[in-house]
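In what follows, chains are A, B, ... by sequence order, proteins preceding strands, each numbered from 1.
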Amino acid sequence: MSVPPHVTTRMAPSPTGLLHIGGVRTFLFNYLFARQHGGQNRLRIENTDTGREVAAAVEQIQESLRWIGIEWDGAITFQLERMDDCRRVAEQLVAEGKAYEDEGAIRFRMPNEGVTAWDDAVRGRVEVANETIEDLVLVRSDGRPTYNFASPLEDVWDGITHVIRGEDHISNTPKQIRIIEAIGGAVPVYAHVPSIFGEDGKKLSKRHGATGVEEFRAAGYLAPALMNFLALLGWAPDGETTIMSRDELVERFDLARVSSSPARFDYAKLDWMNGVYLRALSPDEFAQALVDYLREQGYDWDEARVRAAAPLVQEKIATLGEFPGFAGFLFHDVEPVALDGGADVVAAARAALAELEPFEAASIEAALRAVLERLGLKPRQGFAPIRVAITGSKVSPGLFESIELLGRETTLRRLSASGG
RNA sequence: GCCCCCAUCGACUAGCGGUCCAGGUCACGGCCCUUUCAAGGCCGCAGCACGGGUUCGAAUCCCGUUGGGGGCACCA
């Protein structure tokens with residue numbers, strides 16, 4: 001596909017609720033394509049309404065985009081502000097006989113013969129018989145332009161060269177092409193990207209899990225991981241490469257390689273990928289990410305201790321959101337767990353740790369292993385009761401490092417509470 | 001009902017007529033490592049929706065069927 005000199009794409013969300021992850025994937029493709037060609041990526045709000053809710057949603061959209069790392073160029077435009085211009089064009093069309101009034105509304109005259117076709121950048125040629133397209137309403141009887149009129153007009157006004165949008169717009173495309181031709185505008189290249197479904201093949205919705213960008217953020221996903229994952233939904237550079245930075249994505253993205261068939265959102269794979277990104281962080285970066293995340297989520301846990309705990313969990317959690325559940329015992333008391341057996345080890349462990357010097361992971365391990373050996377217990381069975389007593393769970397970060405971090409006093413107290 | 005789009009392992013995909021008894025990743029199963037859980041290493045399971053063509057040769061091209069999805073608004 002030949003690409004015109006000044007590529008301009010656009011992201012056109014409507015300001016309703018949280019920014020949906022499916023829409024973000026489409027926006028990402030716009031962004032990657034524009035950046036790759038050194039072009040512009042515009043942000044246009046398709047609102048036909050005004051109000052506090054809209055203002056809040058617009059702010060939310062920007063915040064979500066900023067967080068995940070999808071940039072836009074120039075000022076944000078609002079569809080609502082161009083309603084007058086749309087009306088003027090409609091009147092002009094009526095004057096030219098290309099549109100007509102109908103019960104107070106203005107309708108576009110669609111041809112009744114022939115076909116309207118375009119070469120879709122991801123699907124190839126698409127043809128629609130004109131007789132199947134009705135004369136669509138351009139301006140409602142109350143004076144407001146419709147989406148199918150305003151959107152193509154804005155594409156022309158903004159010099160959009162590539163309209164990359166969801167496949168649910170395919171049937172709107174012939175109508176919009178006709179309108180653009182009627183006003184003598186340049187018809188952009190259209191690229192309809194496949195939808196994203198939930199794991200059951202149905203439209204991605206709440207019951208599948210998180211759907212809003214902010215929800216993924218709150219769940220502790222890293223922005224680069226989410227972006228990487230999203231990029232691979234409906235596109236692949238070669239079938240081998242899976243982990244790619246934003247720069248690589250920009251460099252390798254290719255509209256022609258975008259799949260035509262819908263993709264399912266695989267939460268398990270996202271978790272895996274997020275874990276890969278988490279582990280790839282340097283210890284300092286990981287600790288910082290953890291600190292920032294916890295603060296954002298409203299935890300007031302001691303920062304120094306969070307940083308100290310970070311190395312114990314970096315290889316064990318897939319999302320930052322797992323940290324509180326996994327390492328919370330380092331920050332708050334745990335419920336003494338009733339043990340069925342194991343009281344002996346716990347008591348022996350308490351005795352061994354009471355006077356231990358220095359109170360460090362290595363010496364703690366040595367002391368505890370000595371206890372187990374004395375009692376003739378396998379590590380597997382011997383450490384379990386101690387772990388439960390100290391962490392309140394059968395699953396935890398490394399026992400010895402955890403005990404060191406917890407300190408002698410707390411450790412002994414928990415051991416005692418569990419029958420030691 | 002009419003129009004349009006789609007169809008490779010459970011999932012994301014590579015494949016664009018021979019290099020494919022179909023490759024990679026996630027998930028799943030097994031083994032190793034191991035203080036739990038992970039991580040890591042090794043091995044494995046599993047797919048071209050179906051039926052016709054075209055061709056010396058088809059996962060790849062064409063037609064049909066079936067199955068999904070979207071649209072047919074004075075919604076966006």
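Ring-centre distance between A/Y299 and A/H332: not below the 6.0 Å cut-off. Taking the centre of each ring, A/F400 and A/F383 come in below the 6.0 Å mark.
Here the P atom of nucleotide B/G24 and the NZ atom of A/K269 are 13 Å apart, to the nearest Å. Between A/I177 atom CD1 and B/C4 atom C1' the separation is 13 Å, expressed in whole Å. Atoms CZ (A/F229) and C1' (B/A27) sit 12 Å apart, rounded to a whole Å. A/M244 has its CE atom 16 Å from the P atom of B/C12, to the nearest Å. Atom pair A/M273:CE and B/A27:C1' shows a separation of 14 Å (rounding to whole Å applied). Per the geometry, CD belonging to A/E240 stands 12 Å off P belonging to B/C26, to the nearest Å. Atoms CZ (A/R123) and C1' (B/C3) sit 15 Å apart, rounded to a whole Å. Atom OH of A/Y277 is separated from atom C1' of B/C26 by 15 Å (rounded to the nearest Å).
Checked against side-chain hydrogen bond (donor to acceptor under 3.5 Å, both in side chains), A/N112 has no partners two or more places apart in sequence or in another chain.
A/R414 and A/E409 are not joined by a salt bridge, as no carboxylate oxygen comes within less than 4.0 angstrom of a charged side-chain nitrogen. A/E46 has a carboxylate O that lies under 4.0 Å from a charged side-chain N of A/R44, or vice versa, which qualifies the two as a salt bridge.
With both ends at atom C1', the span from B/G68 to B/C21 equals 30 Å, rounded to whole Å. To the nearest whole angstrom, the two C1' atoms, one in B/G29 and one in B/C9, are 15 Å apart. Taking the C1' atoms as reference points, B/C48 lies 10 Å from B/A7, given to the whole Å. For the P atoms, the distance from B/C3 to B/A49 is 25 Å, rounded to whole Å. If you take atom C1' in B/C28 and the same atom in B/C2, they sit 44 Å apart, rounded to whole Å. Distance noted for atom C1' between B/A58 and B/G40: 41 Å (whole Å). A distance of about 23 Å separates the C1' atoms of B/C26 and B/C33, rounded to the whole Å. B/C45 and B/C50: their C1' atoms are spaced 25 Å apart (whole Å).
Of all the heavy atoms in A/I164 and A/N30, the pair that sits closest is O-ND2, 2.9 Å.
In this structure, B/C2 forms a base pair with B/G71, meeting either the Watson-Crick or the G-U wobble geometry with both donor-acceptor distances under 3.5 Å. With a cut-off of 3.5 Å on both Watson-Crick or G-U wobble distances, the partner of B/C50 is given as B/G64. The partner of B/C31, taking Watson-Crick or G-U wobble pairs whose two distances both stay under 3.5 Å, is B/G41. Within the shown strands, B/A11 is the pairing partner of B/U25 under the Watson-Crick or G-U definition, both distances less than 3.5 Å.
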Original post:
What's the verdict on side-chain hydrogen bond (donor to acceptor under 3.5 Å, both in side chains) for A/Q288 and A/D284, showing C-alpha distance, side-chain angles and the deciding distance?
Top reply: CA-CA 6 Å; A/Q288 189 60 48; A/D284 283 350; over 6 Å; no
Subject >> From CA spacing to verdict: ring-ring contact (aromatic ring centres under 6.0 Å, His included), A/F216, A/F265 >> reply: CA-CA 13 Å; A/F216 286 95; A/F265 196 101; 5.7 Å; yes
**OP:** Please step through ring-ring contact (aromatic ring centres under 6.0 Å, His included) for the pair A/Y147 and A/H169, ending with a clear verdict.
**Re:** CA-CA 11 Å; A/Y147 162 79; A/H169 284 289; 5.7 Å; yes
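For residues 82-89 of chain A, proximity to RNA chain B is found at no residue, defined as any non-hydrogen atom under 4.0 angstrom from a strand atom.
Residue A/R165 is out of contact with every strand shown, counting any heavy-atom pair closer than 4.0 Å.
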Original post:
Just by protein heavy atoms under 4.0 Å, how would nucleotides 68-74 of chain B read 5' to 3' in B, S and -?
Top reply: -SSS--B
Original post:
How does protein contact run along nucleotides 31-38 of chain B, one letter per nucleotide 5' to 3', with B for base contact, S for sugar-phosphate only, - for none, heavy atoms under 4.0 Å?
Top reply: ----BBBB
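Counting only residues at least two apart or in different chains, salt bridge (Lys or Arg N to Asp or Glu O under 4.0 Å) contacts with residues 160-172 of chain A comprise A/R123-A/E167.
Side-chain contact between A/T410 and A/I390 is absent, with no heavy-atom pair separated by less than 4.5 Å. Annotation: side chain of A/S363 is in contact with side chain of A/E360 (closest heavy-atom distance under 4.5 Å). Taking 4.5 Å as the limit, some side-chain heavy atom of A/H208 sits within range of a side-chain heavy atom of A/Y267. Side-chain contact between A/I243 and A/M273 is present, with heavy atoms from C-beta onward closer than 4.5 Å.
For A/S261, counting side-chain heavy atoms from C-beta on, the closest listed nucleotide (B/A7, B/G24, B/A76) is B/A7. Residue A/T242 has its side chain nearest to B/U25 when only B/U13, B/U25, B/G10 are considered. Taking every side-chain heavy atom of A/V128 into account, B/C4 is the closest of B/C4, B/U13, B/A7.
Side-chain polar atoms of A/K206 and A/T211 form a donor-acceptor pair below 3.5 angstrom.
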Between N or O atoms, less than 3.5 Å apart, protein on one side and nucleotides 45-51 of chain B on the other: list the pairs.
none

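Residue A/D155 forms a salt bridge (charged side-chain N to carboxylate O under 4.0 Å, His left out) with just one option from A/R82, A/R10, A/R42, and that option is A/R10.
If A/E127 and A/D266 are placed on RNA chain B by their nearest nucleotide, the residue sitting closer to the 5' end is A/E127.
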